[in-house]
Amino acid sequence: MTRAGGGRYGERVVQGPAEGGWTLRAILMAAVGGPEVLRPAEVAELEFGRRDVRVELRAAGVNPVDAKLRANGTIAGEPPAILGWDGAGVVSDVGAEVTRFQPGDEVWFCDGGFGGTAGTYAEAKTLDERLVARKPSRLEFVEAAAAPLVTITAWECLHGRARLDQDQFVLVQGGAGGVGHMSVQIARAAGARVAATVSPGPKAELAAKLGAERTIDYRTQDVGAEVRDWSGGDGADVVHDTVGGRTFADSFALVRPYGDLVSNVESPWPEAAIEEMRRRNLRVSFTWMPAPSVFGWFAERQRQTAILEEAARLFDAGTLSVHVGATFPLEQAAEAHRALEAGQVVGKAVLVV
């Protein structure tokens with residue numbers, strides 16, 4: 001970290017030391033485009049509020065939404081921007097009114113990264129203490145940085161939308177992906193029975209290891225026949241779609257009458273899917289985990305932090321785990337995006353600061 005001109009975190013690139021406030025290393029999204037637009041830089045650090053904590057980041061998660069924002073443009077503001085929603089690190093400083101944390105505390109959180117607020121592809125991050133949770137002691141920083149967004153998303157889908165209950169049959173579409181592999185575990189932790197659609201090999205092995213009692217090869221098997229045979233009825237009680245597109249449309253026919261279909265991926269609704277929804281009298285739900293951050297719903301952001309606190313107990317009990325498929329130094333964020341977009345990462349990719 002170096003001393004340089006003041007200003008809001010991520011507001012401008014500092015070419016070298018200058019008089020004034022502090023700067024830190026970060027990865028800037030210099031423009032909309034391919035992975036090559038992610039460039040190391042020094043940026044002015046965020047102003048520090050009375051209820052803020054400053055977290056020296058040890059690791060930052062890389063999510064598919066990061067690549068989408070890089071390729072298509074941020075939700076708010078214009079480049080340059082700092083991407084990254086997930087972070088884990090050590091509290092280094094606290095505001096005058098902070099009561100929950102002190103320097104040295106190990107924490108994890110999900111904040112920023114959509115353009116309006118700087119993200120976690122950086123050495124440090126400043127944010128309100130009410131949006132930070134204590135890191136599960138069982139997890140290393142790399143694992144903790146991989147978990148927040150996918151954990152909150154899966155939790156909201158199953159508990160918040162589908163109202164998951166014990167002994168239900170739950171099908172996770174894409175059960176080895178970032179959200180999918182957390183959904184498998186959260187459903188199992190609630191006492192549900194779980195099946196997952198996956199490709200054969202490492203992804204099927206991961207889903208089975210995490211609790212899927214049946215893995216279905218969506219490319220070669222009849223998913224509907226497999227689900228009906230497994231559940232002993234006309235579909236699963238809950239289907240969680242983490243894939244979208246055609247998979248979402250096909251999922252309507254996999255849910256039993258009066259069951260729940262929930263997705264965290266925006267997708268078109270073909271007429272045949274709508275008719276299947278009517279015929280089965282389904283409850284269909286959607287969750288977009290970043291919405292509270294994007295639209296400024298602070299109470300909902302606190303609720304999401306409470307999810308991390310509850311999930312931390314499950315991680316520490318060994319009930320939940322997160323699969324890190326690849327790590328990259330912070331300066332190689334572009335390579336992490338290339339690997340993610342090429343489908344080379346099973347589980348989560350993480351930047352090590």
Side-chain angles (χ1 to χ4, degrees), residues 64 150 153-159 161-287 323 343 346-347:
V150 295
T153 299
W155 195 286
E156 287 190 336
C157 283
L158 294 177
H159 288 298
R161 297 293 190 271
R163 301 168 181 86
L164 180 67
D165 204 358
Q166 189 174 0
D167 296 326
Q168 286 186 318
F169 287 87
V170 178
L171 172 68
V172 180
Q173 296 270 42
V179 174
H181 89 291
M182 292 307 307
S183 183
V184 168
Q185 296 175 83
I186 290 170
R188 287 291 297 131
R193 299 180 61 180
V194 185
T197 58
V198 286
S199 58
K203 292 186 177 182
E205 293 169 4
L206 174 63
K209 176 184 176 181
L210 296 177
E213 61 187 71
R214 181 172 296 202
T215 58
I216 303 169
D217 181 354
Y218 62 91
R219 297 182 299 184
T220 62
Q221 293 180 283
D222 182 330
V223 177
E226 290 291 323
V227 170
R228 288 188 292 273
D229 176 69
W230 167 65
S231 65
D234 192 18
D237 299 294
V238 175
V239 174
H240 179 191
D241 163 50
T242 73
V243 181
R246 181 175 176 179
T247 299
F248 171 72
D250 290 345
S251 293
F252 285 76
L254 304 177
V255 188
R256 66 159 175 81
Y258 280 84
D260 279 278
L261 170 60
V262 60
S263 181
N264 55 275
V265 183
E266 294 181 63
S267 302
W269 289 45
E271 186 59 40
I274 296 173
E275 180 56 34
E276 196 70 53
M277 177 183 68
R278 294 193 190 108
R279 190 177 74 81
R280 293 173 176 264
N281 201 21
L282 303 181
R283 180 168 54 189
V284 182
S285 307
F286 174 76
T287 189
H323 182 74
V346 178

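Here the structure is a predicted model, which means the values were calculated and not measured.
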Roughly how far, to the nearest 0.5 Å, is [atom2] of [Y] from [atom1] of [X]?
{"X": "L210", "Y": "S183", "atom1": "CG", "atom2": "OG", "answer": "11.0 Å"}
{"X": "E276", "Y": "L254", "atom1": "CD", "atom2": "CG", "answer": "9.0 Å"}
{"X": "R279", "Y": "I274", "atom1": "CZ", "atom2": "CD1", "answer": "15.0 Å"}
{"X": "H181", "Y": "I186", "atom1": "NE2", "atom2": "CD1", "answer": "9.5 Å"}
{"X": "D217", "Y": "T215", "atom1": "CG", "atom2": "OG1", "answer": "8.5 Å"}
{"X": "S251", "Y": "L171", "atom1": "OG", "atom2": "CG", "answer": "7.0 Å"}

Where do L164 and V170 land on the side-chain contact (heavy atoms from CB on, under 4.5 Å) test, with the steps shown first? CA-CA 9 Å; L164 180 67; V170 178; 3.5 Å; yes
Using the ring pair (Phe, Tyr, Trp, His ring centres under 6.0 Å) rule, collect all pairs that involve residues 209-244, keeping only residues at least two apart or in two chains.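 Sorted pair list: F169-W230.
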Hey, are T247 and D250 close enough side-chain-wise for a donor-acceptor pair under 3.5 Å?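 No donor-acceptor contact under 3.5 Å links the two side chains.
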Positive for salt bridge (Lys or Arg N to Asp or Glu O under 4.0 Å) with D260, one of R283, R280, R161: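 That would be R283.
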Parallel under 30°, tilted from 30 to 60°, perpendicular over 60°: which one fits the rings of F248 and F252?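 The arrangement is perpendicular - the two ring planes meet at more than 60°.
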Just list the side-chain donor-acceptor pairs under 3.5 Å for residues 196-209, sequence neighbours left out, or say none.
| residue | atom | partner | partner atom | Å |
| --- | --- | --- | --- | --- |
| T197 | OG1 | Q173 | OE1 | 2.7 |
| T197 | OG1 | G174 | N | 3.0 |

Quick one, V243 with V265, criterion side-chain contact (heavy atoms from CB on, under 4.5 Å). Give me CA distance, side-chain angles, the key distance, then yes/no. CA-CA 7 Å; V243 181; V265 183; 5.9 Å; no
Check this for me: does any side-chain nitrogen of one of R256 and D234 sit under 4.0 Å from a carboxylate oxygen of the other?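 The answer is no: the pair does not qualify as a salt bridge.
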For [X] against [Y], the heavy-atom pair lying closest together:
{"X": "V184", "Y": "A212", "value": "CG1-N, 3.8 Å"}
{"X": "A162", "Y": "V262", "value": "CB-CG1, 4.4 Å"}
{"X": "T287", "Y": "C157", "value": "CG2-SG, 2.9 Å"}

Look at the side chain of S267 and the backbone N and O of G245, then say whether any donor-acceptor pair between them is shorter than 3.5 Å.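 Checking the backbone N and O of G245 against the side chain of S267, a donor-acceptor pair under 3.5 Å is found.
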E271, CD atom: more than 12 neighbouring heavy atoms under 6.0 Å: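 Correct, the count exceeds 12.
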Taking the side chain as every heavy atom from C-beta outward, state whether E226 and R214 have any atom pair closer than 4.5 Å.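 When only atoms from C-beta onward are counted, R214 and E226 do touch, with a gap below 4.5 Å.
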